Amino acid sequence: YDLDRARSESIDDIVADTNIASDHRQDLRDKLEASQQIAIDIRGNQITLATTNASPVTFTADGREKTETSASGKNVRQKATMNGQILTVSSLGGETDYTITFTAANNGHVLKVSRRITTDYLTRTVFAESVYNKTDAVAKLGIPTGGNISNGNNGSVNNGNVDPNG
């Protein structure tokens, strides 16, 4: 799937509307910025996801909550669920809480991605919507990163666990 910028929300507009301090603006922009490409392969509840910001990862979308301790000592609850054409990945309890929802539309020709982010420097939860157009019938999971590996703006998942740092 390729990002359709014309049908996606402007991250600059979203960040400008938050009224946060300038030292947090780039961090929020990085968290909300959509990847240029997404590849997703779904086989039952086994999901393989790759973006131009993260290498391919495989996880189970079984709705089970997993708890891990972050580097800062916080308990982080992570979960992935698949309900029909909707995949939801979430991580709660860390420095940044997020939920990312991938929704197939138009018989799978369009992928809508909704990112919901909460951090300690935001006074409210921030949402960003992106639209992607299908470019191939087969998921090409070896999407090149182009040397620009960033934090997991689209919700990387490693070893069955959501990793907000990509």
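Owing to the predicted nature of the structure, the values given are computational and were not obtained by experimental measurement.
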Student: Nearest 0.5 angstrom please: Tyr132 OH to Arg7 CZ, how far?
Tutor: 12.5 Å
Student: Is the backbone of Val131 close enough, under 3.5 Å, to the side chain of Ser8 for a donor and an acceptor to pair up by distance?
Tutor: yes
Student: Going by heavy atoms in the side chains, are Leu49 and Phe102 under 4.5 Å from each other?
Tutor: yes
Student: About how many Å separate CG of Asn133 and OH of Tyr1, when rounded to the nearest 0.5 Å?
Tutor: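 Rounded to the nearest 0.5 Å, the OH-CG separation comes out at 9.5 Å.
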Student: Taking salt bridge (Lys or Arg N to Asp or Glu O under 4.0 Å) as the test, write out the residues that go with Asp136, two or more places apart.
Tutor: Lys140
Student: So, do Ile14 and Val126 sit near enough that their side-chain heavy atoms are less than 4.5 Å apart?
Tutor: yes
Student: Before accepting this row, confirm whether a basic side-chain N of the pair Glu68/Lys79 lies closer than 4.0 Å to the acidic partner's carboxylate O.
Tutor: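 No, this pair does not count.
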Student: Set out, in order, the CA-CA distance, both residues' side-chain angles and the distance that settles side-chain hydrogen bond (donor to acceptor under 3.5 Å, both in side chains) for Ser35 and Asn53, then state yes or no.
Tutor: CA-CA 6 Å; Ser35 292; Asn53 293 345; 3.0 Å; yes
Student: Report yes or no: do Leu3 and Val110 belong to one cluster of Ile/Leu/Val/Met/Phe/Trp/Tyr joined by side chain heavy-atom distances under 4.5 Å?
Tutor: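 Unlinked, Leu3 and Val110 end up in two clusters.
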Student: With sequence neighbours left out, what residues match Arg116 under salt bridge (Lys or Arg N to Asp or Glu O under 4.0 Å)?
Tutor: none
Student: For Gln36, does its backbone N or O pair with a side-chain atom of Thr52 as donor and acceptor, under 3.5 Å?
Tutor: yes
Student: Using the test salt bridge (Lys or Arg N to Asp or Glu O under 4.0 Å), find all partners of Asp12 that sit at least two apart in sequence or belong to another chain.
Tutor: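 Asp12 satisfies salt bridge (Lys or Arg N to Asp or Glu O under 4.0 Å) with Arg29 only.
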Student: Under the criterion side-chain hydrogen bond (donor to acceptor under 3.5 Å, both in side chains), which of Thr99, Asp97, Thr125 is the partner of Thr118?
Tutor: Thr125
Student: Side chains of Arg115 and Ile11, heavy atoms from C-beta outward: is any pair under 4.5 Å?
Tutor: yes
Student: Counting C-beta onward and ignoring hydrogens, is there a side-chain heavy-atom pair between Thr103 and Ser114 closer than 4.5 Å?
Tutor: no
Student: With a 3.5 Å distance limit and no angle check, can you tell me whether Ser10 reaches the backbone of Asp13 through a side-chain donor-acceptor pair?
Tutor: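 Confirmed, Ser10 side chain pairs with Asp13 backbone.
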Student: Consider only side-chain N and O atoms of Gln46 and Thr60, and report whether a donor and an acceptor are under 3.5 Å apart.
Tutor: yes
Student: Taking atom types as modelled, is there a side-chain donor on Thr58 or Thr48 under 3.5 Å from an acceptor on the other?
Tutor: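 Indeed, the side chains of Thr58 and Thr48 share at least one donor-acceptor pair under 3.5 Å.
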Student: Not counting sequence neighbours, list each pair that qualifies as a salt bridge (Lys or Arg N to Asp or Glu O under 4.0 Å) and has a residue in residues 118-135.
Tutor: none
Student: Rounded to the nearest 0.5 Å, what separation is found between the CD atom of Glu65 and the OG atom of Ser90?
Tutor: 7.5 Å
Student: Quick test of your reading: applying side-chain hydrogen bond (donor to acceptor under 3.5 Å, both in side chains), list the pairs with at least one residue in residues 15-25, sequence neighbours left out, ordered by first then second residue.
Tutor: none
Student: Let me confirm one number: the CG-CZ distance from Asn45 to Phe59, rounded to the nearest 0.5 Å.
Tutor: 10.0 Å
Student: Looking only at heavy atoms, what is the nearest atom pair of Ser72 and Glu95, with distance?
Tutor: OG-OE2, 2.6 Å
Student: Can you give me the closest heavy-atom contact between Val76 and Gly93, atom names plus distance?
Tutor: CG2-C, 4.2 Å
Student: Taking the side chain as C-beta and beyond, is there a heavy-atom pair between Ile47 and Leu87 under 4.5 Å?
Tutor: yes
Student: Going from CG on Asp4 to CG on Leu111, what distance comes out if it is rounded to the nearest 0.5 angstrom?
Tutor: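 Asp4 CG to Leu111 CG: 12.0 Å, rounded to 0.5 Å.
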Student: Hey, are Asn75 and Thr67 close enough side-chain-wise for a donor-acceptor pair under 3.5 Å?
Tutor: no
Student: Determine whether Thr119 and Leu28 satisfy the following criterion, side-chain contact (heavy atoms from CB on, under 4.5 Å), listing intermediate values before the conclusion.
Tutor: CA-CA 9 Å; Thr119 68; Leu28 182 58; 5.6 Å; no
Student: Quick one: do Asp27 and Tyr121 satisfy side-chain contact (heavy atoms from CB on, under 4.5 Å)? Show the steps, please.
Tutor: CA-CA 10 Å; Asp27 181 61; Tyr121 58 78; 2.5 Å; yes
Student: Rounded to the nearest 0.5 Å, how far does CG of Leu92 lie from NZ of Lys74?
Tutor: 12.0 Å
Student: Can you list every salt bridge (Lys or Arg N to Asp or Glu O under 4.0 Å) pair that touches residues 43-63, not counting sequence neighbours?
Tutor: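 Those involving residues 43-63 are Asp41-Arg43, Asp62-Arg64, Asp62-Lys66.
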